[in-house]
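Shown next, in structure tokens, is the structure this report addresses.
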Amino acid sequence: VRLSLARPAGSEECMRWDDIDKQVCSVARALSVVGERWTMLILRDAFLGTRRFDQFQSNLGITRHRLSERLTMLVEQGVLVKVPYHQRPLRYEYRLTRKGLGLYPVLMSLARWGDDWMDKGKGAPLEYVHHSCGNKTRPTLTCSECGEPLRPEEVRPQLGPAMRDPAHPDEVASLKDIPTLMKRTV
């Protein structure tokens, strides 16, 4: 591998949370938008049909100031869109965009993890029914090519186009080097 992992002597790499979106890492970039706990709960409620500010606040028990900040950020990031529902006084509701709907698998996977590991022996608080077949379902991560379930021991990461050196596109990075490479910023 010709990718340089060396840092200048005496330099410290401390990433500020506000700069996390500058990493060459899809997880870090996604977390810059949805990595705050209130944000995920707002999105959960949006998928459950909550649309209005007062409904979000009542459901979540979040302060008005913090809710306003989170909703504004989600609108700025294109995850939600503000749509007027009342003219006098002007009031808005928040709806998921295509980008927001793209988070559905993330929330379903997080819910499954919570059901499996955080249920305190009481079972899942919600069950999901697939409309097409009418059966209860549990989210499962599968291969887009063969349909088999994906397990960590059967998946190998490799550098994608954003990380490859254009001068040496066929070079392969060692698995142990990938986390260091992803900390680089754009």
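- Applying the salt bridge (Lys or Arg N to Asp or Glu O under 4.0 Å) test to residues at least two apart or on different chains, the pairs with a partner in residues 115-126 are Arg112-Asp116, Asp116-Arg138.
- Residues Pro84 and Leu90 share a closest heavy-atom pair of CB-CD1, 4.0 Å.
- The line from OG1 of Thr97 to CD of Gln77 is 10.5 Å long, rounded to the nearest 0.5 Å.
- Within the model, atoms CG of Leu41 and CZ of Arg70 stand 11.5 Å from one another, a figure rounded to the nearest 0.5 Å.
- Put simply, CD on Glu69 and CD on Glu36 are 9.0 Å apart, with the number rounded to the nearest 0.5 Å.
- For the pair Val106 and Val34, the minimum side-chain heavy-atom distance is 4.5 Å or more.
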Under 3.5 Å, which donor-acceptor pairs do the side chains of residues 46-55 form with other protein atoms, sequence neighbours left out?
residue: Thr50; atom: OG1; partner: Asp45; partner atom: O; Å: 3.3
residue: Thr50; atom: OG1; partner: Asn59; partner atom: ND2; Å: 3.1
residue: Asp54; atom: OD1; partner: Arg64; partner atom: NH1; Å: 3.2
residue: Gln55; atom: OE1; partner: Arg51; partner atom: N; Å: 3.3
residue: Gln55; atom: OE1; partner: Arg52; partner atom: N; Å: 3.0

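- With sequence neighbours excluded, the residues forming a salt bridge (charged side-chain N to carboxylate O under 4.0 Å, His left out) with Glu127 are Lys136, listed by chain and number.
- Environment of OH in Tyr104: sparse, with no more than 12 heavy atoms of neighbouring residues, nucleotides or ligands closer than 6.0 Å.
- Residue Leu71 holds its CG atom at 5.0 Å from CD1 of Ile42, rounded to the nearest 0.5 Å.
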Which donor-acceptor pairs under 3.5 Å do side chains of residues 154-161 form with protein atoms, sequence neighbours excluded?
residue: Glu154; atom: OE2; partner: Arg151; partner atom: NH2; Å: 2.4
residue: Arg156; atom: NH1; partner: Gln158; partner atom: OE1; Å: 3.2

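- Atoms OG and CG, on Ser58 and Leu67 in that order, are 11.0 Å from each other to the nearest 0.5 Å.
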task: Would you check, one step at a time, whether the test side-chain contact (heavy atoms from CB on, under 4.5 Å) holds for Leu80 with Leu96?
output: CA-CA 5 Å; Leu80 296 175; Leu96 291 158; 3.7 Å; yes
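- For Glu145, the CD atom is loosely surrounded, since the number of other residues' heavy atoms within 6.0 Å does not exceed 12.
- Annotation: salt bridge (Lys or Arg N to Asp or Glu O under 4.0 Å) contacts involving residues 83-92, sequence neighbours excluded, are absent.
- Of the possible donor and acceptor atoms, none in the side chain of Ser68 sits under 3.5 Å from a partner among the backbone N and O of His65.
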- request: Please test Arg44 against Leu60 for side-chain contact (heavy atoms from CB on, under 4.5 Å), starting from the C-alpha separation and ending with a verdict.
  value: CA-CA 10 Å; Arg44 175 204 62 193; Leu60 298 171; 3.4 Å; yes
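- In plain terms, the two heavy atoms of Tyr85 and Tyr92 that are nearest each other are CE2-O, 3.1 Å.
- For His86 (side chain) and Pro89 (main-chain N/O), a donor-acceptor pair under 3.5 Å exists by modelled atom type.
- Among all heavy-atom pairs drawn from Pro149 and Thr140, the shortest one is CB-CG2, 4.4 Å.
- In this structure, the separation between OG on Ser109 and CG on Leu103 is 11.5 Å, given to the nearest 0.5 Å.
- Under the salt bridge (charged side-chain N to carboxylate O under 4.0 Å, His left out) criterion, Arg95 pairs with Glu93, not counting sequence neighbours.
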